[in-house]
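A short write-up of the structure that comes next.
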2 protein chains.
Amino acid sequence: MDQTDRRILALLQQDASRSVADIAAEVGLSQTPCWRRIQKLHATGVIDRTVAILNPESIGLGLTVFIEVEAADHSPEWLQSFTAKVSAMPEVLEIHRMAGDIDYLLRVAVRDMAHFDDFYRTLIDTVALKNVTSRFAMERVKATTAYPLER
Amino acid sequence: MDQTDRRILALLQQDASRSVADIAAEVGLSQTPCWRRIQKLHATGVIDRTVAILNPESIGLGLTVFIEVEAADHSPEWLQSFTAKVSAMPEVLEIHRMAGDIDYLLRVAVRDMAHFDDFYRTLIDTVALKNVTSRFAMERVKATTAYPLER
DNA sequence: CTTGAAAAGAGCGGCCA
DNA sequence: TGGCCGCTCTTTTCAAG
């Protein structure tokens, strides 16, 4: 993956709806080689998928909550049950297994506090947890899915 | 926005590279009305953009760090300077202004610990901070950009 | 809202340098 | 590798039920 690939990726991370010809022109290639590079980036898993990013407010999911979780115990059974059950909850957009005093960090999208309360009850009902801290986001100052690729 | 729009959005959040005809078939519409709905969802800002999602490991940015920040003070000047300067750092993918004891939560993508150390020094050099806690993600158990739309 | 169709545009592949 | 040139498929618009 060379510098040209990186430039292509940078553009596609910003806007994947642009035509190959368009992107090709911007990176100084003609269509075919540019198209071939993009195919290869897909095939090798560098590009995982292309998706529509929605405005959460417009679909009534304006409340983002980060939940810090400490495991009830650290047995393989608990871990597996936790990840399986929590992964299946649609409000949970992300689950990170963490280093340090917190075992898992969840990122959750809900409608409002009532919805969160609902979710929270379900969560603590579904899996045994030692300690849970919820942090509420008031404002999304920056939110991008684009990794930095300069170099 | 009705149920059909929601179904279209659910599909586009999963895979925005599918053809309109394909999506139309799945939601039980013909091409033209389906296409018009998608245009409208763009125009009204429900669909913000469509982007390529990369595999962070494959581009050498496999280390995700969440940084909890307490502001040095809460003056408008500090807040503005903080958001402007930190937004401009490419490693910072997300900035959330939080409720509670933490003022800001950052989500940062870096190559490795050395890169993080670099980033961290730059961060605390760039803006005055009262307290900073870094939490390191060991494993991405779940990561989706798709908001739940069932209903 | 549907179908059908047609023009414009983009994706895709072969072939040559 | 990259570039040129078609063939094919989609997207996009339009007319009409």
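Reminder, nothing fancy here: chain letters follow the sequence lines and each chain counts from 1.
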Task: Euclidean distance, atom CZ of residue A/Arg18 to atom P of D/dT10 [Å, nearest integer] - done: 23 Å
Task: Whole-Å gap separating C1' (D/dT1) and CG (A/Asp2) - done: 10 Å
Open item on the list: Please classify the nucleic acid contact of B/Arg36 as base, sugar-phosphate, or nothing, using heavy-atom distances under 4.0 Å.
Closed with: base
Open item on the list: So, OP1 or OP2 of C/dT3: does either fall under 4.0 Å of a side-chain N or O from B/Ser30?
Closed with: yes
TODO: Could you tell me whether B/Asp117 and B/Arg121 have a side-chain N and a carboxylate O separated by less than 4.0 Å?
DONE: yes
Task: Atom-pair distance (CD on A/Gln3; C1' on D/dG2), nearest Å - done: 18 Å
Open item on the list: Heavy atoms only, 4.0 Å cut-off, all strands: where does B/Ser19 land among base, sugar-phosphate and nothing?
Closed with: sugar-phosphate
TODO: Just call it for B/Gln31: base, sugar-phosphate, or nothing, with non-hydrogen atoms closer than 4.0 Å on any strand.
DONE: base
- [ ] Report yes if a donor N or O on one partner sits less than 3.5 Å from an acceptor N or O on the other, where the partners are the side chain of B/Thr32 and the base of C/dC1; otherwise report no.
- [x] no
TODO: Ignoring backbone atoms, establish whether A/Arg37 has a side-chain N or O less than 4.0 Å from OP1 or OP2 of D/dT1.
DONE: no
Open item on the list: Please verify the inter-ring angle class for A/Tyr104 with A/Phe82; under 30° counts as parallel, over 60° as perpendicular, anything in between as tilted.
Closed with: tilted
Open item on the list: Between A/Trp35 and C/dC12, is there a contact of a side-chain N or O with OP1 or OP2 at under 4.0 Å?
Closed with: yes
Open item on the list: Pick the closest DNA chain C nucleotide for A/Gln39 and for B/Leu29 by heavy atoms, then say which residue is nearer the 5' end.
Closed with: B/Leu29
Open item on the list: Apply salt bridge (Lys or Arg N to Asp or Glu O under 4.0 Å) to residues B/Arg107 and A/Glu94 and explain how you reach the verdict.
Closed with: CA-CA 12 Å; B/Arg107 187 252 188 85; A/Glu94 297 176 23; 3.5 Å; yes
Task: From C/dG4, D/dT11, D/dC4, nucleotide with atom closest to B/Val20 side chain - done: D/dT11
TODO: May I ask you to check whether A/Phe136 and A/Phe116 place their ring centres under 6.0 Å from each other?
DONE: yes
Task: Value in whole Å for how far the C1' atom of C/dG11 lies from CG of A/Asp22 - done: 14 Å
Task: Any side-chain donor near an acceptor of the partner, B/His74 and B/Asp103, under 3.5 Å - done: yes
Task: Interatomic distance where CD1 belongs to A/Ile23 and C1' belongs to C/dG11 [whole Å] - done: 13 Å
